[in-house]
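Notes follow the structure.
Along the sequence shown, residues carry numbers from 1. Note that the structure is predicted; figures quoted are calculated from it, not measured. Only this structure's heavy atoms are used, side chains among them; waters, hydrogens and symmetry mates stay out.
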Amino acid sequence: MPSPTPVLVFGPTGGVGSSAALTAHRLGAHVYLAMRDTNKSVRGLSNPQDGFTRVQADLSDPKSLTAAVQTSGAKSAFVYVLHQSPDHMTSAFAALKDAGIEYVVLLSSYTVKGDPTQPENHVEYISALHAKTEEALRDSGLRYTAVRPAFFNTNVLWYVNDLKQGKVHLVYPETSHDYIAPSDIGTIAGKVLIQQPEESHVLLCGPELLTQYEAYSTIGKVLGKDVEIIEVDEEGWKDRLSFMPRPVLDTVANGMRKSHEGKSDLYKEPWFSEAVGNLRKWLKEEGGGTKFGQWVGENKELFA
């Protein structure tokens, strides 16, 4: 029998990366887990485990990327966006290509619409960061697919301390998000990594839109506890989430304000239908996507 195809998966300790690694392995690949710290635990995997090899690598260190590709013999890799990269990962992509990588799956953002060079993709911090990284990847000459998911379910963990106290402080609580499970994103990324479709990007949204009121009420119901929603203004909200980068908070607040004012195009057609359709298409075998309440029930330990 031929040896399994080797692939590199960066960030396997995260919810998306671990799911991408497991999916790629399930589809027949030998997965090299590219990690800064090879001793860290990976969800769903023991160490050692057949079909997986840990290799030290850091996307901010081109020399480590060269070594990881040479060790693995991989021709394809799953990577994520480095927020602090001074050259938007140009050096990382060059190192991967020079070492032998031919195809990259990039975890990008739904806020990037169409061609990443379009001016509207460079207005807000989050979309501009991901668009510039997509541009660098395209300019590298590598074949690639950018997976562009919207609002991660794990974003509700910003309020985990509030949830423990039963009082969640929200700005614009009537605004809606799509709530997509990181495991679903990773499953799709793993399939894309193996199948290597022609598409330059895959938009993804969760299977249902929920207001923040509905989402946190769902959390309370699943956890069996009362959750009171307390509305705060933008500055009060940013102060409570001051552990997060200010540009991220500004972008999220701006988006919710536009939605509150009826001016948001975040879930505008045809993008939203395309994104939900992609989720259902890529996860047809898995039931079409994880609904928010199901995800909370499967991850109760995150709220403990």
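- The residues R240 and D162 are annotated as salt-bridged, a charged nitrogen and a carboxylate oxygen being separated by less than 4.0 angstrom.
- The distance from atom NE2 of H177 to atom CE of M256, rounded to the nearest 0.5 Å, is 5.0 Å.
- Contact annotation: the side chain of L96 approaches that of V79 to within less than 4.5 Å [non-hydrogen atoms, C-beta and beyond].
- Salt-bridge annotation for K268 and E120: absent, with no side-chain N of the basic residue lying under 4.0 Å from a carboxylate O of the acidic one.
- In this structure, D250 pairs ionically with K238, as a charged nitrogen and a carboxylate oxygen lie closer than 4.0 Å.
- A cation-pi arrangement is present between K113 and W271, with the terminal nitrogen or guanidinium carbon under 6.0 Å from the aromatic centre and inside a 45° cone about the axis.
- Annotation: side chain of D98 is not in contact with side chain of T66 (no heavy-atom distance under 4.5 Å).
- For the pair V296/F303, a side-chain contact is recorded, criterion being any heavy-atom separation below 4.5 Å from C-beta on.
- Between the side chain of T71 and the backbone N or O of A68 there is no donor-acceptor pair closer than 3.5 Å.
- Using a 4.5 Å cut-off between side-chain heavy atoms of Ile, Leu, Val, Met, Phe, Trp and Tyr, with links allowed through other members, V171 and L157 fall into the same hydrophobic cluster.
- A distance-only check finds a donor-acceptor pair linking the side chain of K97 to the backbone of S140 [under 3.5 Å].
- Taken to the nearest 0.5 Å, the OG atom of S264 stands 11.0 Å off from the CG atom of N254.
- Inter-residue side-chain proximity for L82 and S60 is flagged as met; some heavy-atom pair is nearer than 4.5 Å.
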Practice item. Apply side chain to side chain contact (heavy atoms under 4.5 Å, CB included) to the pair T23 and R26, showing each step before the final yes or no. Key: CA-CA 5 Å; T23 300; R26 176 171 57 84; 3.6 Å; yes
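- Between the side chains of D184 and T290, at least one donor-acceptor pair of N or O atoms lies under 3.5 Å.
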**Study point:** Worked verdict on S259 versus Y172 for side chain to side chain contact (heavy atoms under 4.5 Å, CB included)
**Key:** CA-CA 9 Å; S259 179; Y172 306 120; over 6 Å; no
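- The two atoms that bring E208 and F292 nearest to each other are OE2-N, 3.1 Å, heavy atoms only.
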Check your understanding: H201 and L106: side chain to side chain contact (heavy atoms under 4.5 Å, CB included), yes or no, with the steps?
Key -> CA-CA 9 Å; H201 64 268; L106 173 69; over 6 Å; no
Point to revise | Trace of the ring pair (Phe, Tyr, Trp, His ring centres under 6.0 Å) decision for Y159 with Y216 | key: CA-CA 10 Å; Y159 309 97; Y216 290 93; 5.5 Å; yes
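- Closest non-hydrogen pair, L223 versus K300, comes out as CD2-CG, 3.9 Å.
- At a cut-off of 3.5 Å, with distance as the only test, no side-chain donor of T117 or E135 sits close to an acceptor on the other residue.
- Using a 4.5 Å heavy-atom threshold, the side chains of T111 and Y125 count as separate.
- When all heavy atoms are compared, the tightest approach of Q195 to W282 is OE1-CZ3, 3.5 Å.
- Of the inter-residue distances, the one linking L129 atom CG with T251 atom OG1 reads 9.5 Å to the nearest 0.5 angstrom.
- A 4.5 Å side-chain heavy-atom check between T38 and V55 finds every atom pair outside the cut-off.
- The closest donor-acceptor contact from the side chain of Q118 to the backbone of D115 lies at 3.5 Å or more, if one exists at all.
- How far CZ of F272 is from OH of Y110: 7.0 Å, rounded to the nearest 0.5 Å.
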Exercise for review: Begin from the C-alpha positions of V192 and Y103 and carry the test side chain to side chain contact (heavy atoms under 4.5 Å, CB included) through to its verdict.
Suggested key: CA-CA 10 Å; V192 171; Y103 176 76; 3.3 Å; yes
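- Between R43 and E301 there is a salt bridge, with a side-chain nitrogen of the basic residue lying less than 4.0 Å from a carboxylate oxygen of the acidic one.
- Relative orientation of the H83 and H130 rings is perpendicular, given thresholds of 30° and 60° on the angle between their planes.
- In the hydrophobic clustering of this structure, V112 does not group with V123; members are Ile, Leu, Val, Met, Phe, Trp, Tyr whose side-chain heavy atoms approach within less than 4.5 Å, directly or through other members.
- In plain terms, the two heavy atoms of S72 and P6 that are nearest each other are O-CB, 3.4 Å.
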Practice item. Quick one: do T175 and Q212 satisfy side-chain hydrogen bond (donor to acceptor under 3.5 Å, both in side chains)? Show the steps, please. Key: CA-CA 6 Å; T175 59; Q212 293 190 88; 3.2 Å; yes
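- Atom CD of E285 has 12 or fewer neighbouring heavy atoms from other residues, nucleotides or ligands inside a 6.0 Å radius.
- Using modelled atom types and a 3.5 Å distance limit, the side chains of S127 and E124 yield no donor-acceptor pair.
- Shown here for P4 and G28, the closest heavy-atom pair between the two residues is CB-O, 3.3 Å.
- Across H122 and P116, no two heavy atoms sit closer than the pair NE2-O, 2.8 Å.
- Under a 4.0 Å N-O distance rule, the pair E235/R246 qualifies as a salt bridge.
- Using modelled atom types, one finds a donor on one side chain and an acceptor on the other under 3.5 Å when comparing T53 with H30.
- Residues L107 and I185 are in side-chain contact: their nearest non-hydrogen atoms beyond the backbone lie under 4.5 Å apart.
- A donor-acceptor pair under 3.5 Å links the side-chain atoms of D178 to the main chain of F151, judged by distance alone.
- In this structure, E134 CD and S109 OG are separated by 8.5 Å, a value rounded to the nearest 0.5 Å.
- The side-chain heavy atoms of W295 and T154, taken from C-beta on, include a pair separated by under 4.5 Å.
- Considering CG of L65 and CG of L8, their distance stands at 9.0 Å, rounded to 0.5 Å.
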